[in-house]
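Worksheet: the structure to be examined is printed underneath.
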Amino acid sequence: IIGGRTAHPGFFPWQLLMVVEDMSRVPKDKWFGSGALLSRTWVLTAAHVLRSQRRDNTITLVPSEYVTIYLGLHDVRQKEAAVKRTVERIILHKAFDPRTYNNDIALVKMKDKVSMNIFVMPLCLPSQEMEGPQPNTLGLVAGWGITNPNLTMDDATGSDHATLSNILQYVKLPVTLQAECKSSYESRSDSYNVTDNMFCAGFYEGGKDTCLGDSGGAFIMYNPDTQTWVAQGLVSWGGPEKCGSKRVYGVYTKISKYARWLADKMSNSS
Amino acid sequence: NITELTGMFGQIQSPNYPEGYPSDLDVTWNITVPTGFRIKLYFMHFDVEPSYLCEYDYVKVSSDDDLLETFCGRESTDTEQIPGREFVLTNSNTMTVTFKTDFSNEERFTGFEAHYSAIDVDECVEKLDEALVCDHFCHNYIGGYYCSCRYSYILHSDNRTCKVECSDNVFTEKSGVISSPDYPNPYPKSSDCLYRIELEEGYAISLQFADIFDLEDHPDILCPYDYLKIKTGVMEFGPFCGDKSPGKIDTNSSTVQILFHSDDSSDNQGWKFTFTSIGAPCPVVHPPANGTIEPVQEKYSFKDQVQIRCNTGFKFVKGGDEVEAYQIECQKSGIWSSSIPTCKVIDCGTPRSLEDGFITFHTKDNLTMFGSHIEYSCLALYYQMEPELNTTYTCMENGFWVNDELGTDLPTCQPVCGRPARSLPPLNKR
């Protein structure tokens, strides 16, 4: 999280850390992302978090046994105090495109249920009728990702932990006008494709953003009618520029587009 | 000088007829025709010496040692008869004609010429007065007769009386009427009837005889001709005869044999009775506590069934299973098939637990009996009930905890989403 603030324990009880250790590769790959708790067993995250880290366009799912989930976590150094769960099943959206990150959404079913408490609580999903977030409305994103935009993920997962935030950070971001976001990216390269399944958030001038390690975390918005926080987006991708750069908006998976898909998968798999 | 004649007809003449007959004659003609016939004899000519009481010459006609006629003379007088135009008819199928003359005749007498013929006997008419030749119908034919019977009767081996086939009549109904054939018209002769009433063991049969009771009897000997006997396995009633009804007979048996014998005579009205049966009585049953019985009767007897039900909220417990209703039956021994079970209050048992929820008992001592109420709740803050409704459950008579809206289904406690216990700092206006 770039330009964010330190969360207090219990601010984001749905926030979870997803650690992936790909033992099939030598040396083994290890990375992490975030996710959001949806129910006693289901977790929502971005598809690219659970994809084997190959630099090609194939979609190889990491085996479920390589994934560990930590819930109720505040300080990543105190994982033993968190609720730890292994994974029973991973459902990647079948239309996920690793080149464009279109349909970057996945569901993870944990092997064992979790009990709710002040630090562990699910996040609401938008209803199937609900539209995506409106431009200029504010949302929050939390994560344990890079806080220093000058470093890469490799640096972050290396021995120098100083650039990673051990404590959960969060940032408040406005939803970007879809046309502005598209033109922003398309002006830099034709290969960028901001689809209707995505929305952008961030400030024109930069300074506040999500970054490496925040992937899969929920972009949440407050619904005053139900007085609940609702997941509207998933941290998905951004440009190669430094996180928080001017006119480099963060791109998020638009969850409202997948409300029916989520409902079907969770009901059929329960 | 005897002449045997066996033809169906024939002629006899005095010796030397029509010349004068000799003296000292003693001539006999024995005429025999088949049975079923009689013999008719008539004279065409008769001229025999007359004498007082036919002491000199005469013609005697007899049958079966009975003297039928004695003729002599030329004409009938007060003391002597000539046949004239009359004929002699026997009652049987034999006739003997004897012609006797003495040693002298004062004049010449020409004798006689006679003819005989066999005459069919109409037994149906002639035997009407004798012991009723045929019981029902009589049919005459030349040389004999035969009898026949009304519908449903059969001719006895005596070929005269009509009897009925009534040797195996079985009654298995609990009540009914049995009577002698054709009652109250005369019962058949020469019959031996057997009626059996056979009921299931456990019933006792009673017979109630009708007032009209009429069987041939004897003033001195007990029922020598016709009689009625009632037999059970161990007892015998009767014989009954005469005109006094036996009234009511309680046999105390589930099987009864009625034997009726009639001889070949008499003309009596017979008998009739109504039989009823009652089962072995069982003790009066009383409903169990918190239960009812049906039907409620003053008396119960064999085969009666009583259904026992527990009041709402109570059930029988039999062999570990809860039973809705219970039925007992009065057995032939007079003992109910089973004792009356007790009604036990229904226990819905420990209610099912609710994941991430808890149960509140609304009755003292956390009772789970019929009528008890419980309420499901979810752990506050983190879970909410779904569906949101009154979650009170009542222990019903079917043994289940039932909610007005969900029935036996349980609500669920769903995690509350998007509502952290620790609120984020309020958004600041810029």
Side-chain angles (χ1 to χ4, degrees), chain A residues 4-15 36-42 44 71-72 74 113-127 136-142 168 170-174 203 208 218 220-232 255 266 270, chain B residues 348-362 366 368 372-393 400-430:
Chain A
R5 299 169 68 176
T6 301
H8 288 171
F11 273 12
F12 299 90
W14 45 81
Q15 190 78 25
L37 185 68
L38 296 180
S39 69
R40 289 184 177 90
T41 54
W42 287 102
L44 179 65
L71 300 112
H74 180 64
K113 292 179 179 179
V114 289
S115 293
M116 307 305 158
N117 56 47
I118 192 169
F119 304 116
V120 179
M121 186 179 273
L123 181 60
C124 301
L125 284 170
S127 65
N136 303 316
T137 51
L138 291 169
L140 295 178
V141 195
L168 185 66
Y170 72 99
V171 67
K172 193 181 299 178
L173 299 170
F203 294 91
K208 290 186 176 184
I220 62 171
M221 298 184 81
Y222 191 69
N223 183 338
D225 295 335
T226 58
Q227 298 183 351
T228 55
W229 288 94
V230 179
Q232 292 290 359
I255 293 176
M266 287 194 285
S270 61
Chain B
C348 288
T350 305
R352 284 180 289 166
S353 60
L354 183 65
E355 186 178 19
D356 298 314
F358 58 92
I359 299 165
T360 307
F361 286 85
H362 288 187
N366 292 355
T368 56
S372 301
H373 300 289
I374 57 166
E375 187 172 352
Y376 283 98
S377 305
C378 291
L379 297 172
L381 293 178
Y382 311 114
Y383 297 92
Q384 61 187 11
M385 192 74 74
E386 196 173 298
E388 288 183 71
L389 41 77
N390 171 24
T391 54
T392 299
Y393 284 70
F400 291 101
W401 292 101
V402 177
N403 175 265
D404 289 343
E405 294 169 71
L406 292 177
T408 56
D409 291 341
L410 290 187
T412 56
C413 287
Q414 293 297 332
V416 174
C417 72
R419 200 174 289 168
R422 290 185 175 174
S423 299
L424 286 160
L427 300 176
N428 296 325
K429 269 185 189 173
R430 286 185 176 174

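Naming: A, B, ... by sequence-line order, numbering from 1 per chain.
- In terms of non-hydrogen atom pairs under 4.5 Å with chain B, the most contact-rich of A/Val230, A/Asn223, A/Asn117, A/Leu125 is A/Asn117.
- B/Thr412 places a side-chain N or O within donor-acceptor distance of the main-chain N or O of B/Glu386, the cut-off being under 3.5 Å.
- By the neighbour-count criterion of 12 heavy atoms within 6.0 Å, atom OH of A/Tyr222 is densely surrounded, having more than that number from other residues, nucleotides or ligands.
- Side-chain atoms of B/Asn403 never come within 3.5 Å of backbone atoms of B/Leu410 as a donor-acceptor pair (strictly under, hydrogens ignored).
- At a 4.5 Å heavy-atom cutoff, B/Leu379 makes no contact with chain A through either its backbone or its side chain.
- When A/Ala7, A/Pro9, A/Ser115 are compared by the number of non-hydrogen pairs under 4.5 Å with chain B, A/Pro9 comes out ahead.
- In this structure, chain B has a heavy atom under 4.5 Å from the side chain of A/Phe12, while its backbone stays farther away.
- In this structure, the side chains of B/Ser372 and B/Trp401 come closer than 4.5 Å at one or more pairs of heavy atoms.
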